[in-house]
Amino acid sequence: MKRGAAQLALCILLAACATRRPPPATASSTPSSCDAAVSVATETPLVLAVDVRCHGGALTGFVASEPASLPHIRDVTDGAGQALKRQGSGFSFGAPEADAQIKYRVDLDAIAASAESFDVALRSGASVVSPVSTWLVHPAPLSTDVPVRIRVTVPPGFGFATSLTRAGDAYTLEAHEIPVASYAVFGRFESQEVRVDGSRLRVVFADGKLDASRADVTAWVAASARAVADFWHKFPVPRVQVTLIPLPGREGVVFGKVLPESAPGVVLLVGEHTRPARLYQDWILIHELFHLGVPSFSGEGRWFDEGLATYYEPIIRARVGWRTEASVWEEFRRAMPQGLAAVGKKGLEDAADFAEVYWGGAIVVMLADIEIRTKTAGARGLEDGLRGVLDAGGHASEVWPLSRTFALSDETCGVAALEPLARAHAHSGRRVDLEALWRQLGVEGRGSALRLNADAPLARVRRSIVLGPDANPQNAAARN
């Protein structure tokens with residue numbers, strides 16, 4: 001459930017303020033860089049003091065990406081100590097100002113009490129989890145390539161953890177990435193690091209009780225990352241932070257999300273009473289880690305992004321033995337009809353319903369996978385095309401046009417599959433006969449009565465989809 005990268009195209013409009021001193025510049029221009037100093041003003045409640053300076057250029061003001069933060073940002077001044085008044089979604093200068101500066105305090109505890117969501121801010125015992133966008137304003141106009149350095153200072157015994165890219169004593173990202181910047185944790189927490197294929201995974205436990213040991217949970221995160229790395233033939237990104245927030249009185253993994261910039265961060269809500277064995281029955285972590293290997297898309301392609309993760313998550317878990325081949329096809333047969341209306345009538349780009357987006361996307365992904373495997377006699381599948389995209393740099397922290405992703409995947413596979421299927425189903429509908437397809441694949445019956453027919457016309461394709469191309473010896477020979 002990757003946050004919509006369409007926010008990267010955010011357009012900022014600020015009203016003018018007539019009470020400011022005469023402007024030193026007459027038009028806005030791009031600063032060369034920005035520096036943000038963040039410190040803990042008070043621990044309880046958690047209040048951050050923030051000082052942002054942008055060098056060169058001329059800015060019209062600064063904007064809060066998270067609307068829920070605005071009522072809790074106070075003591076806002078410019079570099080000369082003059083108060084800045086709120087204007088719309090941010091704080092405006094009277095006219096474009098060179099070497100612009102803003103100072104303010106933001107009450108994270110008040111935001112958390114109001115929002116009660118890690119998408120904005122969430123307190124867990126002695127720690128608070130929030131995206132960077134909750135407490136860091138961004139310059140306006142919002143330029144695409146202005147480097148921003150963030151230095152965070154916390155008191156002794158008080159921690160800070162984030163998956164933002166580290167450079168020396170600062171964290172770095174570009175200004176346009178602030179609205180979708182990754183998660184951060186303030187306060188008291190525990191963390192462990194694991195490595196997969198040279199990539200670093202930092203596992204952060206927000207304050208709170210879990211029946212499962214930290215070692216057991218970390219082992220599950222590492223095993224899930226290993227399963228995703230096996231699918232991609234490498235772990236998709238150099239580093240990621242996985243933050244686990246305990247939910248008192250609950251069981252199982254309840255929800256999860258990934259934010260991609262400037263390095264990805266995943267947050268999971270995990271029930272306090274979740275046993276280690278139950279963790280391996282969960283689908284959410286694999287789904288979120290899979291997203292890391294797919295580019296982000298701006299204003300398009302949510303159906304493809306989520307459809308890929310919905311389709312491949314159960315397949316990845318089957319390949320490492322955490323579920324059976326039959327259970328994967330039982331889920332597909334039961335759930336995919338939820339996407340038929342979007343695929344067959346309205347078009348996937350216009351779908352808004354959760355099930356239509358996820359399962360409609362999964363239908364198109366499955367159709368592409370079947371077509372590629374059929375036309376290459378099992379030598380390749382859609383996963384080979386996706387690996388080509390990843391090898392070209394198309395991971396979650398990079399924004400690509402959907403058309404480029406389709407073209408490169410199809411070129412890698414040697415089969416025009418994604419591009420024509422997108423033309424048929426993205427902006428308009430074309431009927432898909434799932435029942436006929438199940439018969440071709442040999443997926444017969446329903447629920448506990450489901451059986452897989454080894455003599456069906458596409459039985460070998462079906463088997464290689466879930467168990468991998470080497471499940472059929474002749475497929476391995478065809479690739480050699």
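Quick note: numbers below take in every heavy atom, side chains included, and nothing from hydrogens, waters or symmetry partners.
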How long is the gap from [atom1] on [X] to [atom2] on [Y], to the nearest 0.5 Å?
| X | Y | atom1 | atom2 | value |
| --- | --- | --- | --- | --- |
| Thr324 | Arg317 | OG1 | CZ | 10.5 Å |
| Phe205 | Ile245 | CZ | CD1 | 12.5 Å |
| Tyr280 | Trp220 | OH | CH2 | 9.0 Å |
| Gln281 | Arg323 | CD | CZ | 11.0 Å |
| Asp282 | Leu268 | CG | CG | 7.5 Å |
| Leu382 | Arg387 | CG | CZ | 10.0 Å |

Can a salt bridge be assigned to the pair [X] and [Y] using a cut-off of 4.0 Å between side-chain N and carboxylate O?
| X | Y | value |
| --- | --- | --- |
| Glu444 | Arg333 | no |
| Asp230 | Arg319 | no |
| Asp211 | Arg275 | no |
| Glu193 | Arg239 | no |
| Glu419 | Arg423 | no |
| Arg302 | Asp305 | no |

Main-chain N/O of [Y] paired to [X] side chain as donor or acceptor, under 3.5 Å:
| X | Y | answer |
| --- | --- | --- |
| Arg380 | Cys413 | yes |
| Ser428 | Gly347 | no |
| Ser133 | Ala181 | no |
| His425 | Val343 | yes |
| Glu272 | Gly249 | yes |
| Thr243 | Val204 | no |

Should [X] and [Y] count as side-chain neighbours, where that means a heavy-atom distance under 4.5 Å?
| X | Y | value |
| --- | --- | --- |
| Leu173 | Glu261 | no |
| Leu108 | Ser130 | yes |
| Arg149 | Tyr171 | no |
| Leu437 | Leu367 | yes |
| Ser397 | Pro264 | yes |
| Glu325 | Arg462 | yes |

Considering non-hydrogen atoms only, spot the tightest contact between [X] and [Y] and give its length.
| X | Y | value |
| --- | --- | --- |
| Val266 | Val240 | CG2-CG2, 4.3 Å |
| Ala368 | Leu418 | CB-CD2, 3.7 Å |
| Asp197 | Lys234 | OD2-CA, 3.4 Å |
| Leu210 | Val270 | CD2-O, 4.0 Å |

Just wondering, are more than 12 heavy atoms of other shown residues or ligands nearer than 6.0 Å to CZ in Arg151?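 Yes, CZ of Arg151 has more than 12 neighbouring heavy atoms, counting only those of other groups under 6.0 Å.
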
Hey, is CZ on Arg214 packed in by over 12 heavy atoms from elsewhere, all under 6.0 Å?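 Buried by this count: over 12 neighbours within 6.0 Å.
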
Mutual orientation of the aromatic rings belonging to Trp303 and Phe406 [parallel < 30°, tilted 30-60°, perpendicular > 60°]: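 Tilted, since the angle between the ring planes falls between 30° and 60°.
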
For the residue pair Tyr358 and His287, categorise the inter-ring angle as parallel (less than 30°), tilted (30 to 60°) or perpendicular (more than 60°).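 Parallel: the ring planes of Tyr358 and His287 meet at under 30°.
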
Could you please spell out the steps behind the salt bridge (Lys or Arg N to Asp or Glu O under 4.0 Å) verdict for Glu435 and Arg446? CA-CA 12 Å; Glu435 288 302 319; Arg446 296 177 181 274; 3.0 Å; yes

Could you walk me through whether Trp232 and Phe290 pass the ring-ring contact (aromatic ring centres under 6.0 Å, His included) test, one step at a time? CA-CA 9 Å; Trp232 287 112; Phe290 176 88; 5.1 Å; yes

